[in-house]
Amino acid sequence: MTFTPYTSPAPDAPAPKAGRREWLALAVLLLPCLLVSMDVSVLYFAVPFLTAQLEPSSVQQLWILDVYGFVLAGLLITMGALGDRIGRRRLLLTGAALFALASGLAAYARSAETLIAARALLGVGGATLMPSTLALIRNLFHDATQRGKAVAIWSVAVTGGIAIGPVLSGVLLEHFWWGSVFLVNTPAMALLLLCGPLLLPEFKNPATGRFDLLGSALSLAAMLPAVYGIKEIARNGVTAPPVAALVVGLLAALAFVRRQRTARHPMLDLELFRHRGFCGSILMNLLAMFAVVGCAVFFTQYLQSVRGMSPLEAALWNLVPTLAVGGVAPLSAALARRIDRAHVIALGFALATGGFIWLSWLEPASPLWLVLAGSAVYASGLVTVMSLGNELAIGIAPPERAGSASALLESGTELGGALGMAILGSIGGAVYRGDIGGALPTGLPARVADAARETLAGATAVAAHLPGRVGTALLTAARTAFTHGLHTAVLCAAAVMAAAAVLAVALLRGVRTPGTAHDGAAGETGETGDPAAADGAAGNGAGGAGEREGRPAATGTTAPAPTTTTGTPTRP
């Protein structure tokens, strides 16, 4: 199987413009994006309530929090490939039904085991939803300019959902029981099931073959241990079990790649990785999410434990930067139509670098506006990076491979977030422990001293039980040490972002999606800035017309005739 980047139609046959129906379909697709990303964070406030009722052990509590993300990450590649084969709309609606049922099961769980199982099912449903939504955007918006706007809106919805989750959770828990944080998913999924068949086209790869079950098992065996190992290292430091998990994941990943090279009907077209624009986009997304997740942990604790805000108050203030950057993604898409997107992505990383350097000046008593402004600056830059990276990768991938391409993007995002939490969290934690050690009062029991030394929350709890000035001194020292750790973490993030800006120009310069031109002829001929594009331009004349009808591009052959069951989007 040979990968040829999709090329745009000839100038005399422009891609059709999306109308009201397509934009309404996008609005429907935003529902699962919001809910899946919200479910990553919606449990933060509910844990004390469900713990009081279900009485989970410490291990069960960790699995309640983590199993959703583990299963989601492990199944993304499988579900992306499955959607390409059985139909993206079908997979999306099936996942929506499963997500709604699992939400009801989680809401009314009467034991920790039931809740863990429900969260795992939610992860399965989420893995079907995320790659399907982005792949369907590829089928709904054939015009590159409109597709860029649509992907930008999609990116804002995904990042916004993570910020909205804790706020929604806090509001619901003020008035309802803990299960309401899950039950809120049901009406949104019901709306998707109602509107999806009316508004969304069906699309699947006509070149189907037997599904690669072994490849699916190997992808799961690669992602699950890797994400687990990274998160455990972030939580407990470098120990034998998580390192062993990482080794197992790496070996499974190597076996997966080998399988994809030799399988008759592979899940992934590895030729995608020969296009520097596709690989570069995945790397840019991974680095952006590395900084987002790695630093978000510090700012949440800063607002709650250093500034003394309640969880709900901190979540509400966290929304301010998210709302402030809502228009950045569409603006960056418009800017990328005028200048090389590599420079726009580099500008996004430069903004993030400046935002993180700004935040390195924070002190425990700094004005709140200083935190919010710095967060808005770095968030603006990283939303720019992720929206343009997503749009570039989806535009480069052949339409029949959009599901697999979306899954790879999402997998890179999951790995980036896990790495950010592990690496930046470990750096900040090491600085905190080094600073707080000398501030601990003498005579504390070893277990109490260890709790104060490990985390700011532990030090706060210990200080609350110490008399007068001793407790106040410990709390002040702990907050100062934590802020120093935050400084170190954000400066490390700034260094990574500065390097990423250079990488963006080196890897993505001259690469653009078919049909987008800021220098005239290049966009009209489908130039991608990659040598492989020349082959695509030579043999893909029929491919442009095929994609306009929803069919996959052909290489050196006549596009297949329209059908209602394979490459052509069908309407009900």
- Query: So, for Phe141 and Trp23, is the gap between ring centers shorter than 6.0 Å?
  - Reply: yes

- Message: Testing the basics here: between Pro131 and Leu76, what is the closest heavy-atom pair and its distance to 0.1 Å?
- Response: CD-CD2, 3.8 Å

- Taking atom CG of Leu30 and atom CH2 of Trp154, what is their separation to the nearest 0.5 Å? 10.0 Å

- Item | Sidechain-backbone polar pair: Ser366 side chain, Glu363 backbone, donor-acceptor under 3.5 Å | yes

- To the nearest 0.5 Å, what is the distance between CG (Leu246) and CG (Leu250)? 8.5 Å

- Message: With side chain to side chain contact (heavy atoms under 4.5 Å, CB included) as the criterion, how do Tyr302 and Met309 come out once you've worked through the C-alpha distance, each side chain's angles and the decisive distance to 0.1 Å?
- Response: CA-CA 9 Å; Tyr302 176 84; Met309 293 183 180; over 6 Å; no

- Min side-chain heavy-atom separation Ser103-Leu122 under 4.5 Å: yes

- Taking the six-membered ring for Trp, are Trp358 and Trp369 parallel (under 30°), tilted (30 to 60°) or perpendicular (over 60°)? perpendicular

- Message: Please report the interatomic distance CG(Leu382) to CD1(Ile345), rounded to the nearest 0.5 Å.
- Response: 12.0 Å

- Query: Got a salt bridge between Lys149 and Glu391, using NZ or NE/NH1/NH2 to carboxylate O under 4.0 Å?
  - Reply: no

- Query: If you look at every heavy atom in Ala504 and Ala346, which pair is closest and at what distance?
  - Reply: CB-N, 4.2 Å

- Message: As a quick check of understanding, evaluate side chain to side chain contact (heavy atoms under 4.5 Å, CB included) for Phe482 and Ile436, giving each step before the final call.
- Response: CA-CA 9 Å; Phe482 177 83; Ile436 195 65; over 6 Å; no

- Message: Determine whether a donor-acceptor pair (N or O, by modelled atom type, separation under 3.5 Å) exists between the side chain of Ser180 and the backbone of Phe176.
- Response: no

- Query: Distance from Arg341 atom CZ to Thr384 atom OG1, nearest 0.5 Å?
  - Reply: 12.0 Å

- Message: Given 3.5 Å as the limit, does a donor-acceptor pair link the side chain of Arg88 with the main chain of Ser132, or not?
- Response: no

- Task: Only counting residues at least two apart or in another chain, list the ones meeting ring-ring contact (aromatic ring centres under 6.0 Å, His included) with Tyr432.
- Result: none

- Query: With distance as the sole test, does Thr353 use its side chain to make a donor-acceptor pair with the main-chain N or O of Ala498 at under 3.5 Å?
  - Reply: yes

- Any side-chain heavy atom of Leu359 sitting closer than 4.5 Å to one from Phe299? yes

- Can you check whether Thr133 reaches Leu92 side chain to side chain, under 4.5 Å on heavy atoms? yes

- Message: I need the Arg479 CZ to Gln301 CD distance, nearest 0.5 Å.
- Response: 12.5 Å

- Which is it for Thr472 and Leu475 under the side chain to side chain contact (heavy atoms under 4.5 Å, CB included) test, yes or no, and what are the steps along the way? CA-CA 5 Å; Thr472 302; Leu475 186 58; 5.8 Å; no

- Within-4.5 Å side-chain heavy-atom neighbours: Trp317 and Val371: no

- Would you mind reporting whether Leu503 and Met284 have side-chain heavy atoms less than 4.5 Å apart? yes

- Query: What pair of heavy atoms forms the shortest contact from Arg307 to Leu368, and how long is it?
  - Reply: NH2-N, 3.7 Å

- Task: Walk me through it: do Trp361 and His487 pass the test side chain to side chain contact (heavy atoms under 4.5 Å, CB included)?
- Result: CA-CA 7 Å; Trp361 293 91; His487 293 166; over 6 Å; no

- Message: Given Leu199, which partner from the list Leu192, Leu24, Leu29 fulfils the side-chain contact (heavy atoms from CB on, under 4.5 Å) test?
- Response: Leu24

- Message: For a 4.5 angstrom cut-off between non-hydrogen side-chain atoms, does Asn390 reach Asn285?
- Response: yes

- Item | Any side-chain heavy-atom pair of Met189 and Leu129 under 4.5 Å | yes

- Query: To the nearest 0.5 Å, what is the distance between CG (Leu508) and CG (Leu388)?
  - Reply: 10.0 Å

